[in-house]
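Presented below is the structure to which this report refers.
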Amino acid sequence: VQSGPVSTTTQAEIYLSQFGYLPASARNPANGGLLDANTWTKAVQDFQSFAGLNVTGELDDETMRLMSMPRCGVRDKVGFGTDSRSKR
Amino acid sequence: YALQGSRWRVKALTYKISKYPKRLKRSDVDTEVAKAFSVWSEYTDLTFTPKASGPVHIEIKFVESEHGDGDAFDGVGGTLAHAFFPVFGGDAHFDDAEQWTVNSPRGTNLFQVAAHEFGHSLGLSHSDVRSALMAPFYRGYEPVFKLDTDDVLAIQALYGKKSTQNGNGLNPTSGGAFPRTTQRPAFTPPRAPRDDVICKDPKIDALFNSAEGQTYAFKGNKYYKLTENSIAEGYPKLIAEGWPGLPGDIDAAFTYKNGKTYFFKGTKYWRYNGRQMDGDYPKEISEGFTGIPDHLDAAMVWGGNGKIYFYKGSKFWRFDPLKRPPVKSSYPKPISNWEGLPNSLDAALQYTNGYTYFFKGDKYYRFNDRTFAVDSADPPFPRPSAHWWFGCKNTPSSTGVDDHQAHDEASEADRSVMSNSA
C-alpha cells in the first residue's frame with residue numbers, strides 16, 4: 001500500500017495497479033514482472049482519461065500530481081478492477 | 001457516473017458507528033455522518049436511521065493500517081477511506097491516521113469524505129465527472145457543499161426520485177436530475193381510445209425526454225406528448241409550432257445533462273433550450289459532433305454512464321463531450337453488442353426507470369442496463385408500441401397472449417427486476 005506523492009515510474013505503477021488500471025501482478029514491482037510499453041501507455045491513458053487530464057500516455061507532472069492527491073481507496077471502475085464490465 | 005451493479009432492496013437503511021475516531025468528539029462525528037447520509041436522502045426516498053447496536057445495513061469504522069479486510073490503510077494522505085458496495089455489505093472504513101475535521105479548512109473534511117463513501121455503500125462507483133462527489137479525488141474543504149447533477153442522476157438511477165421532491169430539483173444545471181416521467185408507460189390497459197395516424201402506423205422518427213420531464217415522440221411533421229400510458233389530449237401538434245425553426249422528419253433527438261435538447265436530421269443538428277433555438281442553428285453534425293456520422297437512426301443519453309450514444313445501421317458510436325477526441329478510436333461498434341437489439345433502429349429513449357427503450361417499426365424493446373440485454377418477459381419483447389406506448393385502441397398488446405394475463409405478468413416481471421439486486 002502506497003502513501004505519499006507519486007514521483008517515480010515505480011510509484012505510478014503501484015498506483016495504477018492499486019486503482020484498477022493495471023493488473024494486480026504489476027502491483028509488486030519486486031516480482032520481476034515486466035510490462036510491455038503498450039500496456040503501460042494504455043494504463044496511463046486510461047487514468048488520464050478518467051481523471052479528465054490531457055490523454056498523452058506520458059507520465060507527466062500533471063499526471064503524477066493528480067496521482068499524489070489524497071483520494072478514496074475504492075478502485076476506479078476501469079480496466080482490471082474486479083468490478084469492471086466484461087461486456088459493453 | 002458509474003453504477004457498480006448492486007443496490008439495496010429496501011429504502012429504509014440503518015447504520016452504526018462501531019469505532020469512533022481518536023481525535024473528534026463523538027457528537028460531532030454523529031452529526032457529520034448523519035449529514036453525509038442526508039446528501040443522498042435529499043434526492044431519493046432513502047432513509048438512514050442510526051442504531052447503537054445490533055445488526056445494521058452500513059457499519060462505519062475509523063481504523064488504521066491493516067484492519068481485517070485485506071485492504072490496509074496507508075497513514076496520512078494517500079487513501080483516506082474506502083467503502084464496500086451493497087453486494088459486499090456496504091460497510092465504510094475511514095483511515096484514522098488522517099486528521100478528520102469538521103467545518104475547517106485544516107485536515108480532511110469528514111462530511112465530504114463520508115458522503116462520498118456512503119455513495120459507494122449505496123452502489124455508486126467512481127465518476128469521471130470531476131465536479132461530482134463520486135469523483136475519486138479529495139478536493140479539499142468546500143465550505144458550501146452542493147451535490148453535482150451527475151451524483152443526483154446516479155443515485156436516482158438506483159433508487160428513484162424523491163417522491164415529495166418539488167420542481168426545483170429538476171434543473172440539471174443546478175444539481176437536479178431528470179424527472180422519472182417515463183416510468184414504464186403502460187402496465188395498465190390503455191384508457192384513451194385513439195384514432196390517429198400513429199395508431200395506424202406506429203413507426204416513429206424520434207423519442208426523447210425534455211428537461212422539464214415530458215416525453216415526446218416525433219413522427220413526420222407532428223409531435224406527440226406522451227402520458228404514462230397514452231398520448232396527451234390535444235396531440236399531435238405541429239413540430240414547427242412546438243419548436244420554432246425545427247423541420248419535420250427528424251432522425252434522432254436527446255436531452256443532455258445541461259438541459260438542452262439536440263435534434264438531428266440528415267447532415268445537420270439543432271440545439272434548443274426548452275422550446276427556443278439556442279443560437280444559430282442548424283449546424284453540421286461533423287462540426288458539433290466530431291466522429292458521429294450523418295443521417296442517424298437514433299440517439300440517447302444512456303443512463304448506465306450518462307454518455308451519448310448514436311445508432312446508425314448496424315453500428316453505434318459513444319460520444320463523450322468532455323473527452324478529446326469525444327469518440328474513441330474503437331468506435332463504431334456493432335449494435336449486436338447490445339444483446340437482443342436489432343439493427344436500423346428508429347428511436348431510443350434515455351433510461352429513467354432502470355430501463356432503456358429502443359424502437360423499430362411498430363415495436364419496441366426494453367433493454368435492461370444491469371443484464372445488458374433485452375429483457376425476457378411475458379409478453380416478450382419486442383412488443384407493439386401502439387398498445388403499450390400510445391394507448392391505441394384495438395391494437396394487439398402481444399401475439400397470442402391473453403391481454404389481462406399479459407399485463408399482470410408484465411407488471412410482476414418489472415417489479416422483480418427492479419428489486420433484483422444485492
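It should be emphasised that the depicted structure is a prediction, and the values quoted were computed from it without experimental measurement. Computed from heavy atoms alone, side chains included, the values below leave out hydrogens, waters and symmetry copies. Numbered from 1 within each chain, the chains take letters A, B, ... in sequence-line order.
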For B:Y1 and B:D151, test the side chains for any donor-to-acceptor distance below 3.5 angstrom and give the result as yes or no. no
Looking at B:K19 and B:D96, is there a salt bridge between them, counting it only when a charged N and a carboxylate O are closer than 4.0 Å? no
List the steps, then state whether ring pair (Phe, Tyr, Trp, His ring centres under 6.0 Å) holds for B:W338 with B:Y309. CA-CA 12 Å; B:W338 299 68; B:Y309 285 76; 5.4 Å; yes
For B:L322, is it the side chain, the backbone, both, or neither that has a heavy atom closer than 4.5 Å to a heavy atom of chain A? neither
Which answer fits B:E98, side chain, backbone, both or neither, if we ask what part of it has an atom under 4.5 Å from a heavy atom of chain A? neither
Could you tell me which of A:G73, A:P70, A:S49 has the largest number of non-hydrogen atom pairs under 4.5 Å with chain B? A:P70
Can you say whether B:A135 sits under 4.5 Å from chain A via the side chain, the backbone, both, or neither, judging by heavy atoms? neither
Less than 3.5 Å apart, any donor N or O on the side chain of A:Q11 or A:S7 sitting next to an acceptor on the other? yes
How are the rings of B:F88 and B:F85 set to each other: parallel, tilted or perpendicular (split at 30° and 60°)? tilted
May I ask you to decide whether B:K61 forms a salt bridge with B:D69, counting only side-chain N to carboxylate O separations under 4.0 Å? no
Does the side chain of B:Q4 come under 3.5 Å of the side chain of B:S125 through a donor N or O and an acceptor N or O? no
Between B:H120 and B:H126, is the side chain to side chain donor-acceptor pair (under 3.5 Å) condition met? List the steps. CA-CA 8 Å; B:H120 291 313; B:H126 284 150; 3.1 Å; yes
Against chain A, residues from residues 108-116 of chain B with at least one heavy atom under 4.5 Å, in numeric order, are B:H116
